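Just so we're on the same page: letters track the sequence lines, and every chain starts at 1. It should be emphasised that the depicted structure is a prediction, and the values quoted were computed from it without experimental measurement.
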There are 2 protein chains.
Amino acid sequence: MVAYTPGQVVEETGFSLDTLRYYERIGLLEPIGRNASGQRRFTEGDVSWLGMVRCLRDTGMPIAEMVRFAELVRAGDQTIRERVEVLEAHDRRVEEQFADLREKQEALQRKIQYYKDVLSIPDGVYDAQG
Amino acid sequence: MVAYTPGQVVEETGFSLDTLRYYERIGLLEPIGRNASGQRRFTEGDVSWLGMVRCLRDTGMPIAEMVRFAELVRAGDQTIRERVEVLEAHDRRVEEQFADLREKQEALQRKIQYYKDVLSIPDGVYDAQG
DNA sequence: CTGCAAGCTGGAGTGCACTCCAGCGCAACC
DNA sequence: GGTTGCGCTGGAGTGCACTCCAGCTTGCAG
């Protein structure tokens, strides 16, 4: 059975050692196994769960919600349906984020265009704040 | 000349009163004019600048960078070219955010699909973490 | 004239998500 | 057998962007 040292997990997942320990403390990771001298040894399962965590984190899921999701995972197979609901709700939020951000970006681009228009008529007098 | 009370600005901009005061403290807003008894009276220009602030904030520009941008605005018309550069760099970052987020979302959707596949074969035995 | 809402100030507190630190253990390499 | 490196712990600190608070003044409605 393969076991990963903390250093290897840092390498693989991109999370810092402190972050990994923090995630374990708050219950986002279940207690990580230890070798004879008390050092962490991560399993394949731990690492793949960290992949899920990264995915959720990078799409903006708050830690508290990831912890709730982790609890569902630990509760076993009968929670799969609920997990799908959580993930789909999250996916819809991500979709909303997109729409929102796109709108805001369009506003930004209009402002940029405004500045460029001012630039192209160099000696006008404008209130350049709007 | 129209002047806005703090309450009206809260209404118009969606920023809280505390946030407005905070923005003034840190120099994101220039010192707001006061009436005879010391209460703030915002000008049209203040409000339109707050529109810009909202636009930048909502597209994820950090406060510190907004403050630098505010300083450019205060420095006058000769900084317009530089302002355009700042805004365009920001716009490119927003674009990157999109690409990034879309990628992460695709990963998320693959994970959701995986769960759904598990759901559709109800009595298999799977490691549902990946 | 009495309330109550709105606003003022400086400073402290909050929430999130880490991040850092001191002081320690263990293993291994020269 | 020293020192280098990886890892351990509990707890404190950080950075960001607000948000709240006590204690006060001002504005306006009834």
Side-chain angles (χ1 to χ4, degrees), chain A residues 3-43 46-47 49-50 52-70 90 93 97 100-101 104, chain B residues 3-43 46-47 49-50 52-70 90 93 97 100-101 104:
Chain A
Y4 297 78
T5 65
Q8 286 167 337
V9 177
V10 166
E11 193 67 19
E12 288 244 349
T13 64
F15 291 119
S16 78
L17 189 51
D18 269 316
T19 298
L20 292 173
R21 293 197 279 238
Y22 166 67
Y23 283 173
E24 185 180 351
R25 267 211 293 278
I26 63 171
L28 184 52
L29 263 54
E30 54 189 295
I32 301 300
R34 305 304 177 104
N35 71 2
S37 51
Q39 298 192 347
R40 286 174 184 80
R41 289 301 176 259
F42 293 76
T43 66
D46 293 328
V47 173
W49 168 243
L50 281 165
M52 180 58 129
V53 169
R54 172 155 289 287
C55 177
L56 295 177
R57 195 196 78 155
D58 288 354
T59 49
M61 184 182 283
I63 291 250
E65 198 176 334
M66 288 198 274
V67 172
R68 279 195 299 281
F69 187 77
H90 178 56
R93 280 204 307 276
Q97 262 183 76
D100 239 59
L101 188 56
K104 310 294 182 172
Chain B
Y4 297 79
T5 64
Q8 286 167 338
V9 178
V10 166
E11 193 68 17
E12 287 244 348
T13 64
F15 291 118
S16 79
L17 190 51
D18 270 317
T19 298
L20 292 173
R21 293 196 279 238
Y22 165 68
Y23 284 173
E24 185 180 351
R25 267 211 293 278
I26 63 171
L28 183 52
L29 263 52
E30 52 188 297
I32 301 299
R34 305 303 178 104
N35 71 2
S37 52
Q39 299 193 345
R40 287 175 183 79
R41 289 300 176 261
F42 294 76
T43 66
D46 293 330
V47 173
W49 167 243
L50 281 164
M52 179 59 129
V53 169
R54 172 155 290 286
C55 177
L56 296 177
R57 196 196 78 155
D58 289 354
T59 49
M61 183 183 284
I63 290 249
E65 198 177 334
M66 288 197 274
V67 172
R68 279 195 299 280
F69 187 77
H90 178 57
R93 281 204 307 276
Q97 263 184 73
D100 239 61
L101 188 55
K104 310 294 182 172

Counting heavy atoms from C-beta on, name the nucleotide in C/dC26, C/dG25, C/dG7 closest to the side chain of A/Gln39.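 Minimum distance to the A/Gln39 side chain belongs to C/dG25.
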
Mind checking if [X] touches a base, just sugar-phosphate, or nothing, with heavy atoms under 4.0 Å?
X	value
A/Arg25	base
B/Arg21	base
A/Tyr23	sugar-phosphate

Just to be sure I understand the geometry, which residues of residues 54-67 of chain A put a non-hydrogen atom under 4.0 Å away from DNA chain C?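 Output list: A/Arg57, A/Pro62, A/Ile63.
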
Passing option when A/Tyr23 is tested against A/Phe42, A/Trp49, A/Phe15 for ring-ring contact (aromatic ring centres under 6.0 Å, His included):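 The ring-ring contact (aromatic ring centres under 6.0 Å, His included) with A/Tyr23 is passed solely by A/Phe15 among A/Phe42, A/Trp49, A/Phe15.
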
Could you state the CD-P distance from B/Gln8 to C/dA6, rounded to the nearest angstrom?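 That distance rounds to 12 Å.
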
Using atom CZ of B/Phe15 as one end and atom P of C/dG7 as the other, report the distance to the nearest whole Å.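 So the CZ-P distance, B/Phe15 to C/dG7, works out to 17 Å.
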
Please check: side-chain N/O of B/Glu65 versus main-chain N/O of B/Pro62, any donor-acceptor pairing under 3.5 Å?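 No.
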
With rounding to the nearest 0.5 Å, note down the distance linking CD in B/Gln97 to CG in A/Leu101.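 Going from the CD atom of B/Gln97 to the CG atom of A/Leu101 covers 5.5 Å.
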
When you list every nucleotide of DNA chain D with an atom under 4.0 Å from a heavy atom of chain B, which one comes first 5' to 3', and which comes last?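 The footprint of chain B covers D/dA17 to D/dG27.
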
Divergence of helical axes at both termini of the helix from C/dC1-D/dG30 to C/dC30-D/dG1 - five pairs an end, 10° steps: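 Rounded to the nearest 10 degrees, the bend comes out at 10°.
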
